[in-house]
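None of the values given here were measured: they were computed from a predicted structure. Labels below follow one simple rule: chain letters A, B, ... track the order of the sequence lines, proteins then strands, and each chain is numbered from 1.
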Amino acid sequence: MNIPSKYEPGKAESTWYSYWMKHGFFKSTPDDREPYTIVIPPPNVTGVLHMGHMLNNTIQDVLTRRARMQGKNACWVPGTDHASIATEAKVVAKLKEQGIEKKNLTRDEFLEHAWEWTHKHGGIILEQLKRLGASCDWDRTLFTMDDKRYDSVIKVFVDLHNKGLIYRGVRMVNWDPQARTAVSDEEVNYTEEKSKLYYVKYRIAGEDGFVTVATTRPETILGDTAVCANPDDKRYSHLKGKKVIVPMVDREVPFIFDSYVDKEFGTGCLKITPAHDINDYEIGIRHKLPSIDVFNEDGTMSEKAGMFIGVDRFQARELSEKELRKSGSLVKVENYNNKVGRSERTNAVIEPRLSMQWFLKMEKISKPALDAVMNGDVHLHPSKFRNLYRHWMENVHDWCISRQLWWGHRIPAWYFSNGEYVVAETEQEALELARKKSGNKSLSAKDLVQDEDVLDTWFSSWLWPITCFDGINDPENNDYKYYYPTNDLITAPEILFFWVARMIIAGYEYRGEKPFSNVYLTGLVRDQQRRKMSKSLGNSPEPIDLIEKYGADGVRVGMLLCSPAGNDLLYDDSLPEQGRNFANKIWNAFRLVKGWHVDDSIPQPESSEVAVKWMNEVLKKSVHEIDNNFKKFRISEALMSSYKLFWDEFSGWYLEIIKPEYQKPIDRKTFQATVDIFEKLAELMHSFMPFITEEIWQMLKERKDGESIMVTRLPESKRYNKELLASFENIKETVTAVRSVRKEKDIPNRETIELLIMADSSEYDNSLMKVVSKLCNLSSVEFVEKRREGAASFMIGTTQYFIPLEGKLDVEAELSKLRQDLEYDRGFLANVMKKLENERFVQNAPANVIDLERKKKSDAEARIKSLGERISHLEKLL
RNA sequence: GAGACGUUAGCUCAGUUGGUUUAGAGCGCUUGCUUGACAGGCAAGAGGUCACUGGUUCGAUUCCAGUACGUCUCACCA
């Protein structure tokens, strides 16, 4: 057989993925096995795969495949969300390119375009996940706006409204002028930005004097309805009851006092614009001030501004500066850094704006969700997020759930007269309610007007673990009862509040039970300068290109190796490269084993027999370690255990021991054992590297159509022989030491050497010594009582080893090495003695600790003694 | 401004209830090898007053307090 020396992943990937699909290995239906369920964090339906998705979905696939191989009924539910702001923005932009303005379309016409866009671009990201090897049950693919999910969201809205948890009201909201919608507090990011502080004079009405006010937003002067100082501020107390004149518009407004104002800041004098600042809004309420909204919804100046009408707010700022300067009202302008809120979606500067919105009361319904995390029903990994979670949940604000968009779940509220409204699942029900509420039996559907707004996208995804199994519409269905609560949720920490907390809230509200037991929060994928990877920065590689370059298995390993839970991953091409190299290592080990000829007539060498025994113990030990790591969600460490197991133990030691000489055959027993071990290793690594392990597993033994590594059972954790493992570590040290001697003395490998051990042969396992003989090409191993002259020597533990050199010994070099060792041992002994000579240590420390120190002492003394003897012998030779 | 978390090798991180032969891994680095599975490899090696200062203790990388620096979250500073 001619197997290429480099693993070529491309073909195996497409072959095996379609094989798995064809045989329905990803499918799950309820049965009597234990379920293992993950719901995917739904990506944006029209989005494409980025590095964060790669990391996140690799972890989900690893967990799913592993659970499946543990005999559980594994179900990973895929789906996408409608991402209302982002998708609507894209559709609007696309229409604009075609010369169509959204405002010239009816709602239905617009939605037709939006669906068309969704169908055209939708699902690309799911196809990309397949390239990664994702073992989702694709028959269950969902969308937050498909019929069942849509109806569920509407039902929940109506239900929460009927429970009195949803209300409508005028509030100061975060307005995104670019998307022309309100967004929730969680969707605003504050960043420190350079701006300017303008000092502006306000004349005092009927007097000559003036006050100076500092503001960062001179364009909002047009909406000022008061000027305010702290009541304790003596500088302004004479202005009590007076009025000041707002520059530019010459409006007379009252001078008021409120303790909110900081005397120390700026001039201690604050202009009040209740329509455009959350604090001013509150002061406005306290002092019953009128509010003047000077902006349109797109961020241009409104009619009410009285100036700069139709001009963008930032341009209006510049015009205001000019105008103020012209009229002599501008005292000075300073550079100033302040926090500016920007929209998560559009990056537009958020405009605080008064508007009528729908809110969900959070305080009461969030309580069980807080408890669930605090009492450990829901585990956050890493647990440091618990504090953060508690802090947020204890200070939770009402959630603004309405968005001024068309793409999404339309709010099921109907208005019928003077702002009166009813909330119902259908227009028909709404009509009946409206008739009842108004007492007007002749109301008809024509008299009802449905709310124009849609719900926040998160208001649909917070139900995701429930709606994935249609649990709102049909709470008694089998899927829901079987799969809910799900097991693990894998997501990014940035959406802990956006999404995770709210899912837990919904879980308790609608099922009385948590939605999942574990939340694994991945890190963020960053570049080498620690910048978050993003399209706009252009610092992110194209995931599919990476898969083509390094193979899906290589990329998966690369993403996992460097991503302990909650730690950011500093991406570098060397990561998938390491993954690819590992795949290649596995491939070449396979090539070696596959290339052997088996001869039934030759007996199994002793070294091979013991190697097989040892390898099986190592395997058991690794299985144990890997299990432990998975239990703690230390996935990168579980992978590292497998990596070292395969690379160091299996390839570096085991295969080297059992490897027959070039072109010589191998015995049947060893060969069979090796194939079995290889099979187990492949199974152990399958969840990390599904493709190469399947490729190899299929060729390792005769397989029938329909068999697959992905439906085999994982080796289970068992007790392992610690003594054998320890003696073998000794053997490894011996081999390493002999290799060093060969290297130092320049003795080529094919030249045999003798090894003398100054010890009693009964203390040594003869078959293990055969391993040393084979790996070091020894002609003999001899146990001696006395030191051998003219030999290289080394020490393992307290035992001395010699390799006769026949005059090749470099006495000077040997001496200097020995003296170095002696120095180390003396230092070590001094350390130990410091403890042992401390009476209080001997009195207080537990017996086993003291015994250990005594053992250290006697070992060190023994080593020092033999080193000293050898040194003095060698010195005589000089 | 308040709080949370962190600071261990050049980089990214482990270090499991304080004692495990004077601290571990992967990558990177250095040196030597085309040794017939693998140069995407093999072998050997260098590299750390465990941020700093105190405290508790027979004993601290590990526990406590403070300092410095960093990351994140929340918050109304014009």
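- Within the 4.0 angstrom heavy-atom criterion, no nucleotide atom of any strand lies near Ser563(A).
- Val396(A) and Ser366(A) get closest at one heavy-atom pair: CG1-OG, 3.7 Å.
- Taking the ring-ring contact (aromatic ring centres under 6.0 Å, His included) definition, one finds that Phe650(A) meets it with Phe646(A), Tyr654(A), Phe678(A), sequence neighbours left out.
- A cation-pi arrangement is present between Arg739(A) and Trp653(A) under the rule of less than 6.0 angstrom and at most 45 degrees off the ring axis.
- Across rA43(B), rA78(B), rA4(B), the shortest atom-to-atom separation from the side chain of Asn387(A) is found for rA4(B).
- One P atom belongs to rC52(B), the other to rC69(B), and the distance between them is 16 Å to the nearest Å.
- Set against rG40(B), rC5(B), rA37(B), the side chain of Lys6(A) has rG40(B) as its closest nucleotide.
- In this structure, of rA14(B), rU16(B), rA44(B), it is rU16(B) that holds the atom nearest to the side chain of Lys632(A).
- When the nucleotides rU12(B), rA78(B), rC5(B) are ranked by their closest atom to the side chain of Phe265(A), rA78(B) comes out on top.
- Consecutive pairing runs in RNA chain B reach the stem threshold at B:1-7 with B:68-74, B:10-13 with B:24-27, B:29-33 with B:41-45, B:51-55 with B:63-67, where a stem means at least three Watson-Crick or G-U wobble pairs with distances under 3.5 Å.
- Distance from the side chain of Asn581(A) is smallest to rG40(B) among rA78(B), rU16(B), rG40(B).
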Seminar exercise, completed: Nucleotide by nucleotide, nucleotides 21-29 of chain B touches protein heavy atoms under 4.0 Å in the pattern (B base, S sugar-phosphate only, - none) BB--SSS--

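- Rounded to an integer number of Å, the gap from CZ of Phe590(A) to P of rG41(B) is 19 Å.
- Comparing the C1' positions of rA75(B) and rU57(B) gives an interatomic distance of 42 Å, to the nearest angstrom.
- For rA23(B) and rC27(B), the P atoms lie 22 Å apart once the distance is rounded to whole Å.
- Comment: Lys835(A) engages Glu853(A) in a salt bridge, judged by a side-chain N to carboxylate O separation of less than 4.0 angstrom.
- If you check rC72(B), rA37(B), rU12(B) against the side chain of Ser651(A), the one that comes closest is rA37(B).
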Exercise. Run the side chain to side chain contact (heavy atoms under 4.5 Å, CB included) check on Gln578(A) and Tyr643(A) step by step: do they pass?
Worked result: CA-CA 11 Å; Gln578(A) 194 184 347; Tyr643(A) 182 92; 3.3 Å; yes

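- Salt bridge status for Lys644(A) with Asp648(A): absent, with no side-chain N to carboxylate O gap under 4.0 Å.
- The listed nucleotides are rU12(B), rC72(B), rC58(B); the one nearest the side chain of Phe841(A) is rC58(B).
- Exactly one of Glu861(A), Arg863(A), Lys857(A) qualifies for a side-chain contact (heavy atoms from CB on, under 4.5 Å) with Asp859(A). That residue is Arg863(A).
- The nucleotide whose nearest atom lies closest to any side-chain atom of Ser740(A) is, among rC58(B), rA78(B), rA44(B), rA44(B).
- Comparing the P positions of rG19(B) and rU62(B) gives an interatomic distance of 11 Å, to the nearest angstrom.
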